[in-house]
4 protein chains.
Amino acid sequence: MRARVEREREFRRESIIKATEELLNEKAFESITMDDIAEKSDFAKASIYQYFKNKDELMSEVFSKCMETQCNSIKERCLSLTAPEQAIRNYIMIEFEFIHQHPWVPKVSATIPFEGFNAESRLIDLYNQKKRLLAAIIQRGQAEGTFIESDLVVLTNMILSVSIGFVSYISTHMSADLKSPVTEMMISTITKGMTRGSSNESNRSK
Amino acid sequence: MRARVEREREFRRESIIKATEELLNEKAFESITMDDIAEKSDFAKASIYQYFKNKDELMSEVFSKCMETQCNSIKERCLSLTAPEQAIRNYIMIEFEFIHQHPWVPKVSATIPFEGFNAESRLIDLYNQKKRLLAAIIQRGQAEGTFIESDLVVLTNMILSVSIGFVSYISTHMSADLKSPVTEMMISTITKGMTRGSSNESNRSK
Amino acid sequence: MRARVEREREFRRESIIKATEELLNEKAFESITMDDIAEKSDFAKASIYQYFKNKDELMSEVFSKCMETQCNSIKERCLSLTAPEQAIRNYIMIEFEFIHQHPWVPKVSATIPFEGFNAESRLIDLYNQKKRLLAAIIQRGQAEGTFIESDLVVLTNMILSVSIGFVSYISTHMSADLKSPVTEMMISTITKGMTRGSSNESNRSK
Amino acid sequence: MRARVEREREFRRESIIKATEELLNEKAFESITMDDIAEKSDFAKASIYQYFKNKDELMSEVFSKCMETQCNSIKERCLSLTAPEQAIRNYIMIEFEFIHQHPWVPKVSATIPFEGFNAESRLIDLYNQKKRLLAAIIQRGQAEGTFIESDLVVLTNMILSVSIGFVSYISTHMSADLKSPVTEMMISTITKGMTRGSSNESNRSK
DNA sequence: AATGAATGAGACTTCATTCAT
DNA sequence: AATGAATGAAGTCTCATTCAT
């Protein structure tokens, strides 16, 4: 009864989010209009305001949805693992896959938080959650003596940033193949960069 | 006589570009209005159109100016060097310094070329020039046997992308200090990643 | 249901067209602004863009509407007639009446097609249709031996032009009375000019 | 001394007028900008304001110049003639020639006086002068019994208007040849229309 | 709940005219 | 006298949001 109505409402909300995502793959964040979204989602423009307070909220929701999914993937495929090295590999792989499904994210991330965009705290929370998840992986690796002992925060931020860089490479220069040797090479480089006894032999020997 | 007038005109042009650059540090590319620029540059809005045909041209000019400067730096500080490893270090350092002076660039780069923005070919040319310069550095390193022998194009794109990642790190997490150990660490990581006999021992041994 | 909404929309569209027409009686085509139209039609400026893509389209529509009406009048009151002489008289009378209701037309016609105005082909089509209708009248008159045998195209264009001249007279010098002897005199002059055996006795005798 | 300066000033004034005239042949009256005129006349835009108070004055001057010339022609070639019929023929011929040299005039005339254009009284005076000249020709013809005896004012306005019509034909459909039989035919039609004993035999006999 | 219609606010751009040298 | 520079006012068009049914 009530439940079904509620479920339907949620379904329509989702379909608007989906339409927006599709648009994000086609054109730049700020040049997407409510008209675009209305057309793509097959709702009247005014109807969208029954599901989202305003454009900013809608956009927040779109981004949140993505990051939520990603956070869940990280939890599932990285945190439970015993081997820290493999966990990091998986983490990077998740970033790669992610970019594959949401190629517009790097563009948008680069401009968020930007002035005038009232990201709800939820979005920022999610970003921090992802960071904490990554930190947890690294910390475990350090505890087990697998990873180098640099400052945890620094290391986390670095991995995060390097990933963005690689991901930018992926989204710009590679079309589809996540299994290509280039991917493997990049993953290796990052992993080695933080594993004791591989790329940091020199450091160690000092 | 003529010369002075010309110089003054150029000076005013520059000051508009400068004002725009400052705005780019404050807000996103597409939400900067001609009114903003007018106010910041202390001209009447209409006056700006005496120096730039339209908003796009002005923006193009701002970007071009930056990339030109950067290309020149690369030429000066990387190409003449004998040691390829040092050249690469310098290249990365230039990227770092650059981001220091133009923190808005990564945000903008991530969204350019974006739909609807008619970047003049000059902008694209400059981007390609930078790529060619980097390729030249790498090629020399490969020729001398210093760098790993992966495909030149792949390697170039990778360095470019990784730099963007690091640079994104810098712009997000570090305030000012280019001399911090973190910077050094990042540079090392990249450099090692492409130098024979260090991070790629394993590859070599294969 | 659907039909009423549709009808109402059409009604509002018409009312904008009407407001524009009224303005055309007050000031020149190019100095009418969208603000003028908005005020006259009692819509917000932005609303007008829901009914017409842009100013040019609106203007085209206004012109087309007029010419369409005129073409229909010609069809009704000239083509079915048996006597060619009467048909021509009616044609001229229609031009007179037309100018009475749309005094701005000669001013606008004189400047259309003018540079920068993207008249849709529809407008040009209508103009040509009117020409063809007139030609048909004349041709019949020639076939029946009533009209002089000059080249059809030349004759058509001439009548068209002379009408413009007379109409310009009407719109400049006469206030309202279409039944004045002057009108009759002008109609006679034109009609005689093209009827065999009246003004062209001399030609005939050659 | 002074005189030469004065003469030079006049010369430059003329050259601006000439440039404007040329532009009038290229594009519509209201879309000609002071920038256009500046470029065409090889003056700086600001300089034009040293010769003409504003755009309207400049335009007035251009039109006046033309009409002045035409009035002079009429005086020379029509008023001195003894035969009224020939005088009218010449008058029409002058209109034709005029349109040949200033094809933009009909377009402009059709929109003058238009709102917002402050034609100085001089322009209107000239227009009235032309009218008086034509009236004088007709009056003489009537006095001598050559022309029909309709009301002088009406007849004058008619001729004026019909000329505009023919001239519109000329400017639209004929390229260059003023000597074509069509021209002759049109002149004949008008002349006959107002000469006793030709096209108006029927009237007379009534 | 859904939506066609309406709109205020604001974006970019143009242009006649004035200012300052 | 000549002109490069500056600009207020105005024009066209867009868009997120609200209103009314």
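To find a chain, count down the sequence lines: A is the first, B the second, and so on, and within it residues start at 1.
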Engineer: Establish, with yes or no, whether the OP1 or OP2 oxygen of E:dA1 is under 4.0 angstrom from a side-chain nitrogen or oxygen of A:Tyr51.
Structural biologist: no

Engineer: In whole Å, I'd like the distance from the CE atom of D:Met34 to the P atom of F:dA9.
Structural biologist: 20 Å

Engineer: Of all the nucleotides listed (E:dT14, E:dG8, E:dA11), which has the minimum atom distance to the side chain of B:Ala46?
Structural biologist: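 Of all the options, the side chain of B:Ala46 is nearest to E:dT14.
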
Engineer: Taking for each residue the nucleotide of DNA chain E with the nearest heavy atom, is it B:Asn54 or D:Asn54 whose nucleotide lies nearer the 5' end?
Structural biologist: B:Asn54

Engineer: Would you say B:Arg9 places a side-chain N or O within less than 4.0 Å of OP1 or OP2 belonging to F:dA5?
Structural biologist: yes

Engineer: Check if the side chain of D:Gln50 and the base of F:dA1 share a donor-acceptor pair of N or O atoms closer than 3.5 Å.
Structural biologist: no

Engineer: Kindly compute the distance separating NZ (C:Lys27) from OG1 (C:Thr33), expressed to the nearest 0.5 Å.
Structural biologist: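 Spacing of NZ (C:Lys27) from OG1 (C:Thr33) equals 6.0 Å.
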
Engineer: When the distance from CZ of C:Phe43 to C1' of E:dA5 is rounded to whole Å, what number comes out?
Structural biologist: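 These atoms are roughly 9 Å apart.
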
Engineer: Please name the nucleotide paired to E:dA1 by Watson-Crick or G-U wobble geometry with both distances under 3.5 Å, or report none.
Structural biologist: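 The base-pairing partner of E:dA1, which may sit in any strand shown, does not exist here.
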
Engineer: Specify the separation, in whole Å, of atom CG of C:Asp35 and atom C1' of E:dG8.
Structural biologist: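 After rounding, the gap between these two atoms is 13 Å.
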
Engineer: Is it the case that the side chain of C:Lys55 and the backbone of C:Ile32 share a donor-acceptor pair, with hydrogens and angles ignored and the cut-off at 3.5 Å?
Structural biologist: yes

Engineer: Assuming nearest nucleotide by heavy-atom distance, tell me which of D:Asp42 and C:Thr33 is located more 5' along DNA chain F.
Structural biologist: D:Asp42

Engineer: How close or far is atom C1' of F:dG11 from atom CD of D:Glu30, stated in whole angstroms?
Structural biologist: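 These atoms are roughly 14 Å apart.
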
Engineer: Hey, mind stepping through B:Phe63 and B:Tyr127 against side chain to side chain contact (heavy atoms under 4.5 Å, CB included) and telling me if it holds?
Structural biologist: CA-CA 10 Å; B:Phe63 304 152; B:Tyr127 182 73; over 6 Å; no

Engineer: Can you tell me if A:Arg12 touches the phosphate of E:dA1, counting only side-chain N or O atoms and a distance under 4.0 Å to OP1 or OP2?
Structural biologist: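 So the side chain of A:Arg12 is outside the cut-off, no N or O lying under 4.0 Å from OP1 or OP2 of E:dA1.
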
Engineer: Could you tell me the separation between the CG atom of A:Leu23 and the P atom of F:dC15, rounded to a whole number of Å?
Structural biologist: 13 Å

Engineer: Short question: side chain of C:Ser60, backbone of C:Glu57 - any donor-acceptor pair under 3.5 Å?
Structural biologist: no

Engineer: Checking base pairs now: Watson-Crick or wobble, both atom distances under 3.5 Å. What partners E:dC15?
Structural biologist: F:dG8

Engineer: Salt bridge or not between B:Glu21 and B:Lys65? Use side-chain N to carboxylate O under 4.0 Å.
Structural biologist: no

Engineer: Specify the separation, in whole Å, of atom NZ of A:Lys55 and atom P of F:dT18.
Structural biologist: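 Going from NZ in A:Lys55 over to P in F:dT18 covers 15 Å.
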
Engineer: Sub-3.5 Å donor-acceptor pair from the side chain of A:Ser41 to the main-chain atoms of A:Ile37, do we have one?
Structural biologist: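 Present.
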
Engineer: Between atom CG in B:Asp56 and atom P in E:dA11, what is the gap in whole Å?
Structural biologist: 16 Å

Engineer: Can you measure B:Phe52 atom CZ to E:dT14 atom P for me and round it to whole angstrom units?
Structural biologist: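 Spelled out: CZ on B:Phe52 to P on E:dT14 is 15 Å.
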
Engineer: Is any side-chain nitrogen or oxygen of D:Tyr49 closer than 4.0 Å to OP1 or OP2 of F:dT3?
Structural biologist: no

Engineer: Just to be sure I understand the rule, does B:Ile32 reach a base, reach only the sugar-phosphate, or reach nothing, if contact means heavy atoms closer than 4.0 Å?
Structural biologist: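 If one applies the 4.0 Å heavy-atom cut-off, B:Ile32 turns out to touch the sugar-phosphate alone, with no base involved.
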
Engineer: 5'-most contact on DNA chain F: B:Lys45 or B:Glu8, nearest heavy atom basis?
Structural biologist: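 Closest to the 5' end, via its nearest nucleotide, is B:Glu8.
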
Engineer: Taking only side-chain nitrogens and oxygens of A:Ser47, does any of them come within less than 4.0 Å of OP1 or OP2 of E:dT3?
Structural biologist: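 Checking E:dT3 against A:Ser47, a side-chain N or O does come within under 4.0 Å of OP1 or OP2.
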
